[in-house]
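Here the structure is laid out as structure tokens; the discussion comes afterwards.
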Amino acid sequence: MEDIELRGCSLDELIEICQGIGLKRYRATQLFQWVQQKAVRSWNDMRNLGEADLRTLSSHFQFYPLELVREQRSKDGTRKYLFRLHDGETIECVLMDYERTMTRDRHTICLSTQVGCAVGCAFCATGLEGFRRNLSVGEIVGQVLDITHSVRREDPDFQVTNIVFMGMGEPLLNYDQVLKAIQLLNHEQGQKIGMRRMTISTSGVVPRIIQLAKDNPQVGLAISLHAAQDNVRNQLVPMNRRYPLASLMEACEEYIRITRRRVTFEVALTSENARNEEAKAFVRLLKGHLGYVNLIPVNPVAGTGMERPTSEQIKRFAQVLENAGISVFSREERGTDIDAACGQLRRLWESEDNEPIGPI
Ligand code: SF4
């Protein structure tokens with residue numbers, strides 16, 4: 001029983017375990033709130049549990065707060081965190097703050113779901129490193145909890161409002177853990193992040209797209225599309241060799257039919273693909289599908305040979321799509337002065353001889 005990961009437990013699981021070891025049901029609720037809502041990082045901070053019960057609980061659970069090894073802060077306020085897991089592996093996540101005048105401020109976290117990634121997209125620093133392992137539920141949720149804990153020291157009212165599963169790893173290849181993490185992050189007695197404020201970004205794992213629509217139709221779906229022709233996409237996003245564009249678009253249609261929600265199609269623009277004929281290929285592929293196109297100018301990643309397009313190229317590309325009636329938005333650029341592209345900070349840190357900067 002000692003290897004149960006505290007941060008990965010649902011309230012129902014905690015109730016069952018607590019009752020099984022002779023503790024009252026309300027202890028499970030208190031424990032859940034300390035961990036999932038107040039985001040504490042040690043048993044000693046759980047002040048209302050009583051010494052004897054704390055001793056019993058701590059002998060039945062493993063509690064692994066993430067260890068912060070590096071934090072970078074951009075001029076625009078974007079913060080990128082490199083965390084070390086209990087087995088020494090490292091992962092990245094990013095916090096982006098958006099101040100709004102008409103609505104409440106948004107605090108979005110981009111989460112990792114795997115250590116490394118097996119997909120191997122051509123433009124991605126994580127893909128260059130290969131796959132190491134899946135993250136557990138507690139490690140996925142832990143990124144939100146530990147960032148929340150850290151920011152609340154400066155701003156006690158801080159609350160994450162949005163989640164994008166767009167960090168290291170392919171979320172739909174760690175499906176069960178990601179879905180359970182979403183339930184925990186949404187829980188009324190946890191972080192209470194709305195289901196519709198969470199988005200899974202996938203390279204196109206077709207069977208899981210349809211399963212997601214059925215299992216959790218409220219969560220948003222983004223497709224890392226990046227190319228509109230199979231021969232090009234095969235090179236950029238190798239998942240395409242397994243699930244080519246025709247099957248991917250069919251799965252998106254099924255997702256839209258079941259959920260009645262739009263899909264976001266992400267297109268990373270480089271100086272190479274931001275051309276008129278590429279834009280026309282996207283029009284042919286996407287016309288008639290319910291979705292938006294999100295244009296993302298790439299941050300250059302050493303070793304990929306990709307270059308950022310000019311703003312004139314981006315504008316012309318967007319115009320071709322818009323003229324065909326396709327909704328386009330360019331992602332608000334964040335963290336361009338730090339190593340903001342997925343996997344960059346981890347690669348940099350692992351190539352240096354670094355020491356952790358200490359607990360959060
Ligand atoms: S872009 Fe995403 S799916 Fe592709 S290699 Fe990087 S982490 Fe994996």
Side-chain angles (χ1 to χ4, degrees), residues 70 72 74 78 80-83 89-94 96 108-135 140 143 164-174 178 199-205 208-209 221-243 245 248 264-274 278 293-309 330-331 333-336 338-351:
R70 185 171 277 191
Q72 288 184 332
S74 160
T78 298
K80 183 155 191 171
Y81 301 86
L82 182 72
F83 287 116
E89 296 285 7
T90 51
I91 52 163
E92 298 177 355
C93 36
V94 179
M96 293 157 286
T108 301
I109 294 188
C110 176
L111 290 183
S112 290
T113 54
Q114 297 181 312
V115 181
C117 183
V119 179
C121 299
F123 47 83
C124 172
T126 303
L128 294 174
E129 302 286 316
F131 174 73
R132 305 269 261 269
R133 71 169 173 86
N134 281 329
L135 294 189
I140 298 171
Q143 297 166 64
V164 287
F165 290 92
M166 209 178 274
M168 298 168 67
E170 164 51 68
L172 295 187
L173 292 181
N174 190 14
V178 168
T199 300
I200 291 180
S201 171
T202 177
S203 58
V205 189
R208 294 291 197 205
I209 291 173
L221 176 70
I223 304 290
S224 300
L225 193 57
H226 307 313
Q229 296 162 92
D230 280 321
N231 58 339
V232 184
R233 194 164 190 267
N234 285 344
Q235 304 303 318
L236 284 178
V237 185
M239 184 64 76
N240 198 73
R241 294 181 203 145
R242 183 120 187 242
Y243 303 111
L245 283 166
L248 177 59
T264 302
F265 296 101
E266 295 158 356
V267 177
L269 278 188
T270 67
S271 56
E272 268 297 292
N273 73 356
E278 295 283 343
V293 169
N294 186 9
L295 293 181
I296 310 159
V298 295
N299 286 331
V301 175
T304 62
M306 307 246 169
E307 280 182 31
R308 198 181 169 77
S330 291
R331 186 186 290 176
E333 288 188 46
R334 310 293 302 210
T336 50
I338 57 176
D339 301 306
C342 163
Q344 271 182 308
L345 182 58
R346 175 169 173 266
R347 287 188 88 207
L348 183 71
W349 187 77
E350 289 191 347
S351 67

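Quick note: numbers below take in every heavy atom, side chains included, and nothing from hydrogens, waters or symmetry partners.
Residue pairs meeting the side chain to side chain donor-acceptor pair (under 3.5 Å) criterion with at least one partner in residues 114-123, sequence neighbours excluded, are Gln114-Asn134.
Between the Asp230 side chain and the Asn240 main chain, no donor and acceptor come within less than 3.5 Å of each other. Checking side-chain atoms of Ser112 against main-chain N and O of Gly167 turns up no donor-acceptor pair under 3.5 Å. Under a 3.5 Å cut-off, the side chain of Arg208 and the backbone N or O of Leu173 do not form any donor-acceptor pair.
Counting only heavy atoms from C-beta outward, the side chains of Glu278 and Gln229 approach each other to under 4.5 Å. A heavy-atom distance below 4.5 Å is not found between the side chains of Tyr243 and Leu248. Side-chain contact between Leu225 and Val237 is absent, with no heavy atoms from C-beta onward closer than 4.5 Å.
For Arg133, the side-chain hydrogen bond (donor to acceptor under 3.5 Å, both in side chains) criterion is met by Asp87, Glu139, not counting sequence neighbours. Remark: Arg242 pairs with no residue by the side-chain contact (heavy atoms from CB on, under 4.5 Å) rule, at least two apart or across chains. Residues passing the side-chain contact (heavy atoms from CB on, under 4.5 Å) test with Thr108 are Met96, Tyr98, Arg106, Asn162, Val164, sequence neighbours excluded. Checked against side-chain contact (heavy atoms from CB on, under 4.5 Å), Ala222 has the following partners two or more places apart in sequence or in another chain: Thr199, Ser201, Thr264, Glu266. Under the side-chain contact (heavy atoms from CB on, under 4.5 Å) criterion, Thr202 pairs with Glu170, Leu172, Val205, Ile209, Leu221, Ile223, sequence neighbours left out.
Met168 CE to Leu111 CG: the interatomic distance, rounded to the nearest 0.5 Å, is 12.5 Å. Separating the OG1 atom in Thr270 from the CD1 atom in Ile296 is a distance of 12.5 Å, to the nearest 0.5 Å. Distance CG/Asn294 to OG/Ser224: 10.0 Å, rounded to 0.5 Å. Rounding to the nearest 0.5 angstrom, the gap separating the NE2 atom in His226 from the OG atom in Ser203 is 8.5 Å.
The shortest non-hydrogen separation linking Gly169 to Thr113 is C-OG1, 3.8 Å. Closest non-hydrogen pair, Ala268 versus Asn273, comes out as O-ND2, 3.0 Å. Across all their heavy atoms, Pro309 and Leu269 have their closest contact at CD-O, 3.2 Å.
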Review point. Going through the distances and angles, do Ile140 and Asn174 end up as a side chain to side chain contact (heavy atoms under 4.5 Å, CB included)?
Key: CA-CA 11 Å; Ile140 298 171; Asn174 190 14; 4.0 Å; yes
